[in-house]
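Only one structure is covered here, and it is reproduced in the block below.
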Amino acid sequence: MSETGGYILKATDVSKEYGKFKALDSMSFTVPKGSIYGLVGRNGAGKTTMMRIISGLQKPTGGTVEYGFDNKKLGNVGALVELPSIYSNKTARENLVFQYINLGLKIDDSIEKNLEFVGLGDTGKKKAGRFSLGMRQRLGIAMAMCGDPEVLILDEPINGLDPQGIIQIRDLLIHLNKEKGITIIISSHILSELSKLATDFAFVEKGKVVKEIRAIELEEAGGLLTEFYTGTPERLIPVLQSRGLSARYDSGTGIVYAKGYYNLTSIVMAANEAGVNIARVATRETDLETYFVNLVGGESNV
Amino acid sequence: MSKLIKFEFKRIFQSVFFWIVTAFSVVWPILTALVYRVILSLTFDFDNGMSFEDLNLPQSMLTALTWLIAASFITELPKLVALFTCLHIGRDYTDGIIRNKITAGHSRGSIYFSYMITQLCASVFFCVVYICCGLLGLVISGFGVDLNGGEIFGRFAVSIIVFLVMTVLFVVLSLIFRRRAAPIIFCILIALMSNGVSAVIGLYNTSPKAADIYLEQRHSYFVEMIKEGYTDKDTVKLLEKEYRKSKLLGMGFGWQIFYPVYAITPLGYEGDYQIGGFTTISIASGDYKQEIDYASDLMQKDGSLNDIYPIYDWYLDEPSGDMPVFSLEQFDDEPAMHMSYSKLNWIYTGKSLVWIAVIGAWGFTVFRKKNLF
């Protein structure tokens, strides 16, 4: 998975059972160092349970989680699981001061820099309890960032945010990853946002990782899918293939599926020359959501 | 763990509720001393109505008053400390701070013991402030203080240790219930019930061995009374059945339940150390006991000593000087009939430390396995 060969976290056959219910069933994945690693899955697939386990909030009933760094060192793991952990009756700065004491860090002007970095430099004496959800999330991220962690674990960090808040958090995370080199493990229901952010994906279904894929590979695997409705599929398929498209006929639906990008006029003219009658053409672009649905089946409800 | 302890101390000192409890620990004992002063100085007669008189307390009563006011933190502070502990730790759950500490890399053990240590320190602080202000209040109100030659400090120390058992319980309950309301309800209930329960359990403090010795001596006395003709066998049989061991020790099976509780827990503290509340002093019956005298307690409960006489006709014939006597003095040299407070201090210290360890260990076991989300 990793470009550099190094990993920040490696989960091997991690299981978590609550009585007879298996929340995680031998889940395995590897998070490359320096990546933004997206966990994608339906509700109840096991993403949050996994997040809790890798952030130390829960213990697995089986399997191992290895870290590619000293995870016992204070502040090496930053996490924001579900809700930000902040004192609602304290200001943003006071919250960071507490976090610095918590981590045994020297209280200096890096607190102000951290606040500036997450865009909370001008909150002054405003208590965190009076912050908007986006501000609370950013403060939570600032808290998690204290001590320059090797990895940031974020479970649904954009849940409940307005579009402006989503953009702010997305930019912040990209900024953190690019400028500070922090590896980020993130789960989100909002796949369109995740696709703009993550460099690697793990698709989770029924407590297992069913597929790990890099964003670049996902782009290659996706692309344009076209449905040709024709009465002469045996003549159309060679035409499509001659233009570099992969094509197959589904006898059940009577549709010819072609994958890849093309010039429609050129295809129609070539088909006409080959005596192919095309009744209708429908196209759809395969994105992260479509890929996920195709992978796990059923309707997307992530 | 030192980082977490520093973190928690900083939070405690910034807590408004901490300063409210501290203020209470300052004001309440001083106020109590002043109120006592007014009440004990107040006299009433039909000619002059109400008036204040100079107060001249006997030494023993002054010692008792010193003890009662300064040590009353054990009845006054639990409710506030319960609230303080539950709100302080409960906030960490609701704000997700405990999760934050774990994800930051602190072990559950460090988190648990940092809460425990800092809350225990806060409790000791409240107690010490309360005691100091109680003594100050006695001086301000004009009573003065009598520390029984410094012996009273040993009892203060024991009171604080007993109080810490409750604090440990509050901390554990606050840490094992994630919802904020549940530990508040439980801890307040415990705090409210502790006084009553402790007073009741304290009633069952007589050792069974002391009762055996007492009954043996009483039987010898009855035999002598029969021999001298002051009573007969049937009466003695009846009285011995009526005032049997279980009755003297306390309400039959009640003793069988409560005495083991008394023996293994520090719950009999209020009974043994006579933190009897306002009425004890206000009716001027306060006495600073130097030891627990089981014989005296047993004799008070033993109605047979009054009932043995009816067969004797007091009006026709005065009792002769030869009539057998049953008195407390005959138990003076019997070690099992006495419990000194220096020994009791060690017993309560031991019991309290054991319970602190037991409750603390149980809490740690639960907290370690708890899902913190």
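For clarity, every value in this text was computed on a predicted model and none was experimentally measured.
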Which atoms of B:R91 approach chain A - backbone, side chain, both or neither, heavy atom under 4.5 Å: side chain

Just how far is it from atom [atom1] of [X] to atom [atom2] of [Y], taken to the nearest 0.5 Å?
X: A:E94; Y: B:K10; atom1: CD; atom2: NZ; answer: 8.5 Å
X: A:Y87; Y: B:Q14; atom1: OH; atom2: CD; answer: 10.0 Å
X: B:I111; Y: A:N102; atom1: CD1; atom2: CG; answer: 8.0 Å
X: A:L57; Y: B:R108; atom1: CG; atom2: CZ; answer: 7.0 Å
X: B:T103; Y: A:R52; atom1: OG1; atom2: CZ; answer: 13.0 Å

In terms of heavy-atom pairs under 4.5 Å, which option from [options] contacts chain B the most?
options: A:G56, A:S55, A:C146; result: A:S55
options: A:G129, A:A128, A:G104, A:A79; result: A:G104
options: A:V97, A:N89, A:I54; result: A:N89

Around atom [atom1] of [X], are there more than 12 heavy atoms of other residues, nucleotides or ligands at under 6.0 Å?
X: A:F69; atom1: CZ; value: yes
X: B:M193; atom1: CE; value: no
X: B:K351; atom1: NZ; value: yes
X: B:K79; atom1: NZ; value: yes
X: A:K180; atom1: NZ; value: yes

Side chain / backbone / both / neither for A:K90 at chain B, heavy atoms under 4.5 Å: side chain

Interface moiety of A:I86 toward chain B, non-hydrogen atoms closer than 4.5 Å: backbone

Shortest non-hydrogen contact between A:S85 and B:N100, atoms and distance: CB-CB, 3.4 Å

A:L103 side chain near B:K3 side chain, heavy-atom distance below 4.5 Å: no

